[in-house]
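Below: the structure, in C-alpha cells.
Keep in mind that this is a model prediction, so the values were computed, not measured.
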Amino acid sequence: MAVACALALASACHGLQLGYYKQSCPRVEAMVRDEVKKFVYKDAGIGAGLIRLVFHDCFVEGCDGSVLLDPTPANPKPEKLSPPNFPSLRGFEVIDAAKDAVEKVCPGVVSCADIVAFAARDAAYFLSRFRVKINVPGGRLDGRRSLDSDALNNLPPPNFNVNQLIGAFAAKGLDAEDMVVLSGAHTVGRSHCSSFVSDRVAAPSDINGGFANFLKQRCPANPTSSNDPTVNQDAVTPNAFDNQYYKNVEAHKVLFASDAALLTSPATAKMVSDNANIPGWWEDKFAKAFVKMASVGVKTGYPGEIRRHCRVVN
C-alpha cells in the first residue's frame, strides 16, 4: 500500500496508490483534468454532476464504475435508470470524453472507475476556485454488476433522519463526521422539486418561512414527471464549491430533510457549526473524507476489469 494512503486513511485504501499510472499512463490525470475543465467552465452544473456521480457510484457495489453502464437486453434496468439517478444524474459525457482521450494514448490501461474518481476530484478543484485539493489514489477496477434495485437499497434518500444517515454511511465504512462533511457537496448543483416539496414545503418542517415561499414560487405543489422543475441547492453561492451549505443549514434554508437533520443531534450540529464558521476547515475535511469515500468497496482483482468503453462491460 502506498505510504500516502497509509498516512491518510489507515487501512482504507485497499491497494490503491497515489500515482498509480505513473509508469503505465503518466499523463492520464492531466488528460482527465483537461476534459473536466472544458466542460465545467462551460457549465458549472456539470461539475456538480461529476461530484455527485462518484458518490452514487461508490455507494453501490463500491467505486467500480457500475453507475456508468447503459441498459442492455440482458440488463434492462442498470443503476443509472434507478429513481435516485434518473433523470437527475449528470456528467456521463465528460467521463466518455476523458476515456476516449485516454484510450487514444494508453489503450486498455485506465479504468472507468478511476476516471470517475479523478473527474470528481477535478470538478471540486475548479468549482472551489482551486481551494479543494484532493490527492486521489488510483487502481480501481471496473465492475460488471449494475442493478437499479441496488441503487435504491444503498443510496440514502433525501428524507433520512440523522440516525438513518449515520447508519447508511457506517455501512460503507464512513463515520458521522464523514457524513456531515460529504453532505457539504450539496453546496453545488440543482435538485428536482419532487425530491423535497412533500417533506419540506407541503408538510410542517423547520424550513425558514421566506425560503419556503421562495420554493413555492418555483415548484408545483404536486410535481409530476412532466412538471418537475429544478432549483439550486445553495441559493447563495450556487456554483461555488464552498462552505455556504453549512451556513444555509444553520439558517434553515436547505432543501432536503436530510440536510436539516444535521442540526438534530448535538454532535452533528457542532460539526455543522465548525464547517460553517472556521475558515478552511471544511475544505480540508472534505479532501480527506473524499479519499476515504472513493476507496469504498474497490475492486483491485477478480471480478474487476478495465472496460474498453465505460457504458458497456467487455
Query raised in the report: Quick one: CD1 on Ile166 to CE on Met179, what's the gap to the nearest 0.5 Å?
Result: 4.5 Å

Report task. Without swapping roles, check the side chain of Asn153 against the backbone of Asp150 for a donor-acceptor pair under 3.5 Å. Result -> no

**Report entry** Thr72 (side chain) donor-acceptor with Asn75 (main chain) under 3.5 angstrom
**Finding:** yes

Report task. Say whether, by atom type as modelled, one donor and one acceptor occur between the side chain of Lys80 and the main chain of Leu68 under 3.5 angstrom. Result -> yes

Requested in this report: Give the cluster check for Val254 versus Val236: same hydrophobic cluster or not, with ILVMFWY residues linked at side-chain heavy-atom distances below 4.5 Å.
Outcome: no

Query raised in the report: Any donor and acceptor pair, going by atom type alone, linking the side chain of Asn277 with main-chain N or O of Ser273 inside 3.5 Å?
Result: yes

Query raised in the report: Would you say the side chains of Asn314 and Arg307 form a donor-acceptor pair under 3.5 Å?
Result: no

Requested in this report: Determine whether Val60 and Leu155 make a side-chain contact, defined as any pair of heavy atoms from C-beta on separated by less than 4.5 Å.
Outcome: yes

Query - Any side-chain donor near an acceptor of the partner, Asn154 and Lys172, under 3.5 Å - result: yes

Query raised in the report: Do Tyr245 and Asp259 meet the criterion of a side-chain donor-acceptor pair at a distance under 3.5 Å?
Result: yes

Query raised in the report: Any side-chain heavy atom of Asn85 sitting closer than 4.5 Å to one from Leu81?
Result: no

Query raised in the report: Can you tell me if CZ on Phe256 sees more than 12 non-hydrogen neighbours from other groups inside 6.0 Å?
Result: yes

Query - Pairwise distance OG(Ser149) to CD(Glu79) - rounded to 0.5 angstrom - result: 9.0 Å

Report task. For the pair Arg190 (side chain) and Thr230 (backbone), establish whether a donor and an acceptor sit closer than 3.5 Å, ignoring hydrogens and angles. Result -> yes

Query raised in the report: Okay, side chain of Asp57, backbone of Leu53: is any donor-acceptor separation there less than 3.5 Å?
Result: no

**Report entry** From Leu174 atom CG to Leu165 atom CG, the distance as rounded to the nearest 0.5 Å
**Finding:** 12.5 Å

Report summary line: NZ (Lys253) and CZ (Phe214) are apart, to the nearest 0.5 Å, by 10.0 Å

Requested in this report: State whether the side chain of Asp228 and the backbone N or O of Ser194 hold a donor-acceptor pair below 3.5 Å, judged by distance alone.
Outcome: yes

Query raised in the report: Between Glu250 (side chain) and Lys247 (backbone), is there a donor-acceptor pair under 3.5 Å?
Result: no

Report summary line: In this structure, OG of Ser128 is separated from CD1 of Ile134 (nearest 0.5 Å) by 8.0 Å

Query raised in the report: Is the Tyr125 ring parallel, tilted or perpendicular to the Phe130 ring (thresholds 30°, 60°)?
Result: tilted

Query raised in the report: Under 4.5 Å between any side-chain heavy atoms of Val109 and Ile306, yes or no?
Result: no

Report task. Measure centre to centre between the rings of Phe286 and Phe241, then say whether the value is under 6.0 Å. Result -> yes

Query raised in the report: Which value, rounded to the nearest 0.5 Å, describes the distance between Ser205 atom OG and Asp199 atom CG?
Result: 8.5 Å

Query raised in the report: Gln217 and Asn213: side-chain donor and acceptor closer than 3.5 Å?
Result: no

Query raised in the report: Under a 4.0 Å N-O cut-off, is there an ion pair linking Glu29 with Arg121?
Result: yes

Query - Side-chain donor-acceptor contact under 3.5 Å, Ser88 with Arg52 - result: yes

Query raised in the report: Any side-chain heavy atom of Leu89 sitting closer than 4.5 Å to one from Val67?
Result: yes

Query raised in the report: Given the side-chain rings of His252 and Phe211, with only the six-membered ring counted for Trp, is the space between their centroids under 6.0 Å?
Result: no

Query raised in the report: Are the side chain of Trp282 and the backbone N or O of Val181 linked by a donor-acceptor pair below 3.5 Å?
Result: yes

Query raised in the report: Under the criterion salt bridge (charged side-chain N to carboxylate O under 4.0 Å, His left out), which of Lys38, Arg33, Lys133 is the partner of Asp122?
Result: Arg33

**Report entry** Check: Trp281 ring centre within less than 6.0 Å of Tyr246 ring centre
**Finding:** no

Query - NZ/NE/NH1/NH2 to OD/OE distance under 4.0 Å, Arg308 and Glu103 - result: no

Query raised in the report: Among side-chain atoms of Gln233 and Ser191, is any donor-acceptor pair under 3.5 angstrom?
Result: no

Query raised in the report: Any side-chain heavy atom of Ile207 within less than 4.5 Å of one from Leu215?
Result: yes

Query raised in the report: Within a reach of under 6.0 Å around OH of Tyr41, are more than 12 heavy atoms found that belong to other residues, nucleotides or ligands?
Result: yes

**Report entry** Carboxylate-amine/guanidinium contact Arg140 Asp64, below 4.0 Å
**Finding:** no

Report summary line: Closest heavy-atom pair, Cys112 versus Lys99, reported as atoms and distance to 0.1 Å, is SG-CE, 3.9 Å

Requested in this report: Is it possible for you to say whether Ile95 and Met31 belong to one hydrophobic cluster, with membership spreading through side-chain heavy-atom contacts below 4.5 Å?
Outcome: yes

Query raised in the report: Would Lys270 and Asp274 count as a salt bridge (Lys or Arg N to Asp or Glu O under 4.0 Å) if you check the C-alpha gap in whole Å, the side-chain angles of each, and the deciding distance to 0.1 Å?
Result: CA-CA 6 Å; Lys270 170 71 163 59; Asp274 290 344; 2.8 Å; yes

Query raised in the report: Step by step, would you call Lys285 with Asp178 a salt bridge (Lys or Arg N to Asp or Glu O under 4.0 Å)?
Result: CA-CA 8 Å; Lys285 295 271 186 184; Asp178 296 323; over 6 Å; no

Query raised in the report: Are the side chain of Thr264 and the backbone of Ala261 linked by a donor-acceptor contact shorter than 3.5 Å?
Result: yes

Requested in this report: Before accepting this row, confirm whether a basic side-chain N of the pair Arg131/Glu283 lies closer than 4.0 Å to the acidic partner's carboxylate O.
Outcome: no

Query - Side chains of Asp234 and Thr237, donor plus acceptor under 3.5 Å - result: yes

Query - Working for side chain to side chain contact (heavy atoms under 4.5 Å, CB included), residues Leu263 and Val272 - result: CA-CA 7 Å; Leu263 293 181; Val272 168; 4.2 Å; yes

